[in-house]
Amino acid sequence: MKTVIEPFRIKVVEPIRMTTEEERQVFIREAGYNPFRIRAEHVLIDLLTDSGTGAMSTRQWAGIMEGDESYAGARSYFRFEEAVRAVFGHRHVIPTHQGRASERLLCRAVVKPGDVIPGNTHFDTTRANIEDSHAEAVDLPIAEARDPGNLHPFKGNIDLDALEACLRTHGRERVPFVLITVTNNSGGGQPVSMANLRATRALCDRYGVPLVLDAARFAENAYFIKLREDGYADRTPREIAREMFSLSDGALMSMKKDAFGNIGGVVSLNSDEWAERVRTLLILTEGFVTYGGLAGRDLEALAIGLEEVLEEEYLRYRIASTAYVGRHLEACGVPLLKPFGGHAVYLDGRAFCEHISNENLPGWSLSVALYERIGLRACEIGNVMFGRQDPATGTWRWPPLDLVRLAIPRRVYTQSHMDYVIEGIDELYRQRRTVRGLRFVHRPPVLPHFTAVFEPVA
Ligand code: F0G
């Protein structure tokens, strides 16, 4: 059989509220043309993020009832610790409320002003936390990653020559760790190969610098390795994930992605010294070391999610269903980032809206049009998120790609939801000249996309 079916049945449903285009035009205007500011109930299909939006399984819901809410030493913590350690393998397992809390804790614990953190491409909150520590976040993706049409199977790879040059220049004194994000979200949900991880490990060893993984989507990365890298076809996703983590000294994870959590995160470390510093900070702002700002029931759900996400049937469906969206959009001629990511398909905003200049934010404008026309909420990962203005001259530096991400929540939407999305984007693409450009009315200095306000250009 060719058809890959959803490996689950639906037991609980959540109604979607239908809206008209006229209603949506009002909603988005009232939201300052920022999709982050609209009410979720005014969205038909919400592909803003795959983070915290997944559907939990019956086993996870059963686990919720088992949650031990003891302040210290809860049974749920030990289940969580065991589930994380079984995959990650590090000595210290520290729960946090989400990924950016993990980032903040590690940055506060080990990053000094003037430090440099190289990576394949830091996610926006990671970059913001590094910069908040007065350090520099350096993105060193391979050259192929900059070309949206290049079919390199591991576009998440780090440029090893550039990494070596960075390590040689700054040395272990100024590089507290190298951070590799699997899969590379900001670079298009692209995987990192085991060979690249191994070579990164070797460079880190040579320069005495620890290697940390941002593991938000580690299971999808593991499955891509199985599909695309020689020697892994017969290995299970769990074995591959174990091997990935065995090359690292630690990991940060937003467990709102590949752990099917609605909330949750973890810092996993080998270093006793780092772990002690992180735990001290954790107690200061998050909670005691055996719950880290989560409820015991959350820890149960995450422990179970971490097992389920590595099931081969699930990953086969997950990667195939994302590629389904990409393949059909591609057949309509819609410009896309390729290969398709694990958790998302990325539209090329600049190619889609050729009539809109960088200053008028093609990707963002496209995301607004998608909402108005078809009720689809997507997320720009481009000019608004990463554009930087030179404070002295006022000139803008735009990121290499201006993408619109269709992030697919896990186990939530069916194929007909995706058919609606494909049809709607196809129609909009055929009328793409009608997409209006936007400009900033208010641009907050940090993480502007969440709260910025825009207006249409005449
Ligand atoms: N690292 C990566 C690779 C991420 O994609 C995210 C979040 C984080 C860290 C931060 O985790 O949200 O739990 O604090 N990505 C979400 C997204 C928000 O939509 O891609 P968090």
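When a ligand or atom number is given, it counts from 1 through the structure's own listing order.
Contacts with ligand 1 closer than 4.0 Å are made by side-chain heavy atoms of Arg405 only, the backbone lying farther away. Of all the heavy atoms of Met255, none lies under 4.0 Å from any atom of ligand 1, so neither backbone nor side chain is involved.
Polar contact check, Thr49 against ligand 1: a nitrogen or oxygen pair lies under 3.5 Å apart. Taking only nitrogen or oxygen atoms, main chain and side chain alike, Gly264 does not reach within less than 3.5 Å of ligand 1. Residue Gln98 places at least one N or O, backbone or side chain, under 3.5 Å from an N or O of ligand 1.
Judged by distance alone, the side chains of Asn185 and Arg405 do bring a donor and an acceptor atom under 3.5 Å apart. Using modelled atom types and a 3.5 Å distance limit, the side chains of Arg217 and Asn184 yield no donor-acceptor pair.
Near Gly99, with a cut-off below 4.0 Å to any heavy atom, the atoms of ligand 1 are 11 (O), 13 (O), 14 (O), 21 (P). Close approach of ligand 1 to Thr181 is summarised as follows: ligand atoms under 4.0 Å from at least one heavy atom of the residue are 3 (C). Atoms of ligand 1 found under 4.0 Å from any heavy atom of Arg100, numbered from 1 in the order shown, are 10 (C), 11 (O), 12 (O), 14 (O), 18 (C), 21 (P). Under a 4.0 Å criterion applied to the non-hydrogen atoms of Lys256, ligand 1 contributes the atoms 13 (O).
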For residues 441-454, which side-chain N or O atoms pair as donor and acceptor with protein atoms under 3.5 Å away, sequence neighbours left out?
{"residue": "Arg443", "atom": "NH2", "partner": "Gly387", "partner atom": "O", "Å": "2.8"}
{"residue": "His449", "atom": "NE2", "partner": "Asp124", "partner atom": "OD2", "Å": "2.9"}

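Arg411 is linked by a salt bridge (charged side-chain N to carboxylate O under 4.0 Å, His left out) to Glu308, counting only residues two or more places apart in sequence or in another chain.
Once rounded to the nearest 0.5 Å, the distance linking CD1 of Ile422 with CZ of Arg327 reads 9.0 Å.
Of the candidates Val87, Ile240, Asp258, Leu310 forms a side chain to side chain contact (heavy atoms under 4.5 Å, CB included) with just one, namely Val87.
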